[in-house]
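Within every chain, numbering begins at 1; the chains are lettered A, B, ... in the order of the sequence lines, protein sequences first and strands thereafter.
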There are 2 protein chains.
Amino acid sequence: MARGTREDRGAFRAFGAFGDLRWSVAIGRAVERMTKASSLGLEAIEVVRLHEQVYQTLTRALMSGRIPPGRKLTSRKLAAELGTSDMPVRAALVRLQSLRALVALPNGSLILPRMRRGQFADLMAARVLCEGQAAELVASHATAADLRAIRQAGAALTQAALDQDIDDYLARNYEFKFHIYRACGSEALIFLIETLWLQAAPFLRQFAGKFEGALAGILEIDYHDELAAALAERNATLAGALMRRDIHEGAEYLLAHGDFDAEASS
Amino acid sequence: MARGTREDRGAFRAFGAFGDLRWSVAIGRAVERMTKASSLGLEAIEVVRLHEQVYQTLTRALMSGRIPPGRKLTSRKLAAELGTSDMPVRAALVRLQSLRALVALPNGSLILPRMRRGQFADLMAARVLCEGQAAELVASHATAADLRAIRQAGAALTQAALDQDIDDYLARNYEFKFHIYRACGSEALIFLIETLWLQAAPFLRQFAGKFEGALAGILEIDYHDELAAALAERNATLAGALMRRDIHEGAEYLLAHGDFDAEASS
DNA sequence: CGATGAATTATGCGATCACATTTTGAGGGA
DNA sequence: TCCCTCAAAATGTGATCGCATAATTCATCG
């Protein structure tokens, strides 16, 4: 595919590219070809489809806030950027659209939607509902290993806040929360929560990023330490309440300080 | 495309075909071509993409229980059945997979998954959570027109139960419930509920269908009349409780009487 | 008759092509 | 400077092609 010849296109460099997309895809393909080497005693290699890799890459870019609201994502540009054809990109985009992470313009173009204040509040209310419930379930379902992992993730989160590293904080926050949710024992609930995060997470970085300096203060509305403790005590009611409060107060903070899209439309 | 030449393939006739898929798709295409007729004063015609029509068709087939669990859905067969190429079918299938309505086998084939008892209980618990909350919201958000529509849908539902028509009952039940949810004012919640129904609805017909005769008794665990009344009085707490009870008792009934997949596997 | 293995078919996945429409950009005129 | 026009590029969408693997069929052998 003459990978070198497109080095200068870089339509997406504007927002820092997607990282090392092209490399990971290229490696994935090489790996795929090695699948049936020869019968030496080698472990099986998991085949990862291109469209899956593209999806993972786009998801990471979205979740970490590297794609600005309003950005149009075209399959051809992305395909060129990744060094693949349209097809795997289209499949990934269809997935993201069906999960409401992207929305279609009247002509079918897909954009990362702009977020209106009311919309964000709505999403956060749904998060409170689902994630509060998940936290309650975890208090009764979690294994000792789960609780240990949750505590560790919580410690890393605290450290990120103290380090004033907003990107690290958001990533650690995701890790901490999903360590909890994955231990709740309800596949259905986990899936719902994932879809909510896919819709909301792209905006956290935008809104939170404006207060780079004030990150230390965020611990005042962050109850993850108490939450981890409540889970360890298997206090479902308290854990649920703390999770809800954490999400609610974080949402209040962002609703107060973030700049959203104009409320008028639709 | 020589549509007539495939008349005898009909791989999906086995479960009653998908209805009039091919016709609706063909009509859709004809309509699409008429879009830019001439500037007489005609109303605009909405262009509906093929992949969207395919998705709608498959969704209807799923939701009404016309596709048996374990059925493999292949893009080529469906495309032949519908008289289109693979591409629109693939897009529709990707959507259904990403919403967990279909699941992929290791080789990438998609099937309507079999449902295990624990899984179904899990889904129903998530429904109780989300739909209970939605009912509460409706009590405060609904307009008078909403309430009128809900009452009408409720009356139709009652009639279907008295008529002992299981398919009509399930369809009316869907209509009634979603009249409510759509009035809740939370787009996020509606979306979550839709995904839950897409996962659960394909099995309702299977499980409920075994008790063809006993349908009159279903009204004993069906609180839609009381629910409509509670909404009309804007009693949020009661409406939420009734919705939860309706779902819960319906789920208990199916869990007790339905035949699920063996619980063992994963 | 039942099992085994080879040939055939079906299928997932990605690439490429084709077409209509939309979007963009340059040029020119008021 | 602003607006209009028109050509060129971009884009969504669907069809078709090709390859590798998986599933199925069928014939042969025990």
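For DNA chain D, each stem of at least three Watson-Crick or G-U pairs (distances under 3.5 Å) is given as range with range: C:1-30 with D:1-30.
Within the structure, every side-chain polar atom (N or O) of Arg76(A) is placed at least 4.0 Å from both OP1 and OP2 of dT11(D). Contact check, Lys77(B) against dT11(C): a side-chain N or O comes under 4.0 Å of OP1 or OP2. The phosphate of dT11(D) has neither OP1 nor OP2 within less than 4.0 Å of any side-chain N or O from Asn107(A). For dT11(D), the OP1/OP2 oxygens have no side-chain nitrogen or oxygen of Ser109(A) closer than 4.0 Å. Between dG12(D) and Thr74(A), no contact under 4.0 Å exists linking OP1 or OP2 to a side-chain N or O.
Across the protein-nucleic acid pair, Leu110(A) atom CG and dA10(D) atom P stand 19 Å apart, rounded to whole Å. Taking atom CZ of Arg49(A) as the reference point, atom P of dT11(C) lies 16 Å away to the nearest angstrom. Here dG14(D) presents its P atom at 15 Å from CG of Leu93(A), a figure rounded to the nearest Å. Atom CD1 of Ile111(B) is separated from atom P of dA22(D) by 17 Å (rounded to the nearest Å). Rounding to whole angstrom units, NE2 of residue His51(A) and C1' of dG12(C) are separated by 8 Å. Note: CE (Met87(A)) to C1' (dC17(D)) measures 12 Å, nearest angstrom. Rounded to a whole Å, the CG atom of Leu78(B) is 14 Å from the P atom of dA15(D). If you measure from atom CG of Leu50(A) to atom P of dT16(C), you get 12 Å, rounded to the nearest angstrom.
Both Gly108(B) and Asp86(A) sit near DNA chain C, but only Gly108(B) has its closest nucleotide nearer the 5' end.
With hydrogens and angles left out, the side chain of Arg90(A) and the base of dG12(D) share no donor-acceptor pair within 3.5 Å.
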Let's go through Phe191(B) and Leu99(B) carefully: what are the C-alpha distance in whole Å and the side-chain angles of both, what is the deciding distance for side chain to side chain contact (heavy atoms under 4.5 Å, CB included) to 0.1 Å, and is it a yes or a no?
CA-CA 11 Å; Phe191(B) 174 66; Leu99(B) 294 172; 4.2 Å; yes
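In this structure, of dG12(D), dA15(D), dG12(C), it is dG12(C) that holds the atom nearest to the side chain of Ser75(B).
Side-chain contact check for Arg127(A) versus Ile193(A): every heavy-atom pair is 4.5 Å or farther apart. Inter-residue side-chain proximity for Pro69(A) and Asp261(A) is flagged as unmet; no heavy-atom pair is nearer than 4.5 Å.
Side-chain atoms of Arg76(A) and Thr74(A) form no donor-acceptor pair, as typed in the model, at a separation below 3.5 Å.
Applying the side-chain hydrogen bond (donor to acceptor under 3.5 Å, both in side chains) test to every pair with at least one member in residues 90-103 of chain B, sequence neighbours left out, gives these pairs: Ser98(A)-Ser98(B), Glu52(B)-Arg95(B).
Taking the side chain to side chain contact (heavy atoms under 4.5 Å, CB included) definition, one finds that Pro88(A) meets it with Leu50(A), His51(A), Val54(A), Thr84(A), Ser85(A), sequence neighbours left out.
Aromatic ring centres of Phe260(A) and Phe120(A) lie closer together than 6.0 Å.
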